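Taking it in order: structure first as structure tokens, then the write-up.
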Amino acid sequence: MTTKADAQRMEKIVSLCKRRGFIFQSSEIYGGLNGVWDYGPLGTELKRNVKDYWWRVTVRERDDVVGLDGAILMNRAVWKASGHEETFSDPMVDCRTCKARLRADQIAEKNGVKRCPNCGGKDLTEPRPFNLMFKTYVGATEDELSLTYLRPETAQAIFVQFKNVLDVSRKKLPFGIAQIGKAFRNEINPRNFTFRSREFEQMELEYFCRPEQGLELLEYWKEERLKFYENIGIRRDRLHVKKVSDEERAFYSRGTYDIEYEFPFGVQELEGVAYRTDFDLTQHIKASGKPLDYFDEETKERFVPHVVEPSAGVDRTVLALICDAYAEDEAPDDKGKMETRIVLRFHPRIAPVKVAVFPLLKNKEALVAKAREVQQLLRPHMNVFYDEGGAIGRRYRRQDEIGTPFGVTIDFETLGEKGEALRDTVTLRDRNSMKQERVKISELLQLLLTRVA
Ligand code: GAP
């Protein structure tokens, strides 16, 4: 159940995202394109931090996972074999009164009567399947032979390249292939800001194993993925794990969990962790006639590996991070009067800007020169923002609103004007506590690196 307060909170988040340059509507000057979004300067940094951290913990810090960067366009035969051409659809209903196209599962029934959520009309068509894949044509002719689709998931490139990756990486089971990339779905009703988009990014891992390891690895990856969300700062009590029931689960899956987050618009899926058995590889073996199996050197067995797939959405993770971080509290203004402060309490690891550097006054050349020096010192190691405009309190507030965890102020103490002991020290302000500590410039980089790692 979402309340009026939840709806208001979501409105504030959407407005902050536009105002501060996290997320814009695509093609806005032409009236937008429904279900498609652009990330502004801060959103780009935030999204990159999410993907980099996922890649770091999923690929670089492990011996048993390698990466792939597959193309968005693939042979249509892939989508036939995977089952997407036949069955990747949502049931759609038309409202004959207002002509709205609706997802059948989103139409509420009251007293046994289904009504259009748009106009309240009762004259609805029977549900019929609507394939979610975007069609496109490869080459100069637009006919059946040149037809293919923009990929609706990144996973299929991993399955069809399984043998090539296995041959070059010489990995032994269990091992995984990871990929981050764009996916496209012609959603009937894109909604809830970026939550259900028509173009989005996925972070997918296909973790191949022996059949008898599947169920255990499903549990393992569910736990690993929960840790991931906690490590980027999402509160554990707002994460939920749903065990997908036998009826809801894909017929080939022997177990699936949805990791969900309490968004202001309801508890919704962030990621699916599915034990997909050997379904995908077997489908491609049958359709292509190529061997995508595995030879176990020790047991001398040849078999088709099973797979556990944690599949996360980048955009949904970014939205969850923003929703989780958004807070309003009280902070003193420049005259010491308390005012409402909007703050994004991002984990420093994920924050788009790690540190802001401020000269106390912009018309004091020595302060500006020192601040620029500090900016140059930190810049190769993290995203630094330099700001000399306006009162220091206002500058802090601007950074609080975009979630910058640290602020460094260069003042007259830094220049040695209040005694030699404080020369070449700066104040380091913490966004959450608003407390300040005095730090030597020579120790600043190391201190910040440990806090944003
Ligand atoms: N390979 C499996 C797969 O694609 P999925 O549950 O359809 O599974 C995985 O998608 C994740 O991709 C979802 O949990 C979600 O985070 C993201 N996702 C799916 N459709 C999306 C959409 N329309 N907009 C934004 N993210 C989406």
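Counting starts at 1 for both ligands and their atoms, following the listed order. Everything quoted here is computed from the prediction, not taken from an experiment.
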Item checked: Heavy-atom neighbours of Lys135 NZ exceed 12 at 6.0 Å -> no
Note to self: Side chains of Glu153 and Gln202, heavy atoms from C-beta outward: is any pair under 4.5 Å?
What the structure shows: yes
Next item on the list: Indicate whether the side chain of Thr194 and that of Ser197 have a donor and an acceptor atom separated by less than 3.5 Å.
Entry: no
Notebook entry, point to check: Is the Phe208 ring parallel, tilted or perpendicular to the Phe162 ring (thresholds 30°, 60°)?
Noted result: tilted
Item checked: Parallel, tilted or perpendicular: ring planes of Phe265 versus Phe263, cut at 30 and 60 degrees -> parallel
Checklist line | Within 45° cone and under 6.0 Å: Lys222 NZ/CZ vs Tyr257 ring | finding: yes
Notebook entry, point to check: Name the residues in contact with ligand 1, where contact means a heavy atom under 4.0 Å away: which are they?
Noted result: Glu153, Ala155, Arg185, Glu187, Phe195, Arg196, Ser197, Phe200, Gln202, Glu204, Glu269, Leu270, Glu271, Gly272, Glu309, Ser311, Ala312, Gly313, Arg316
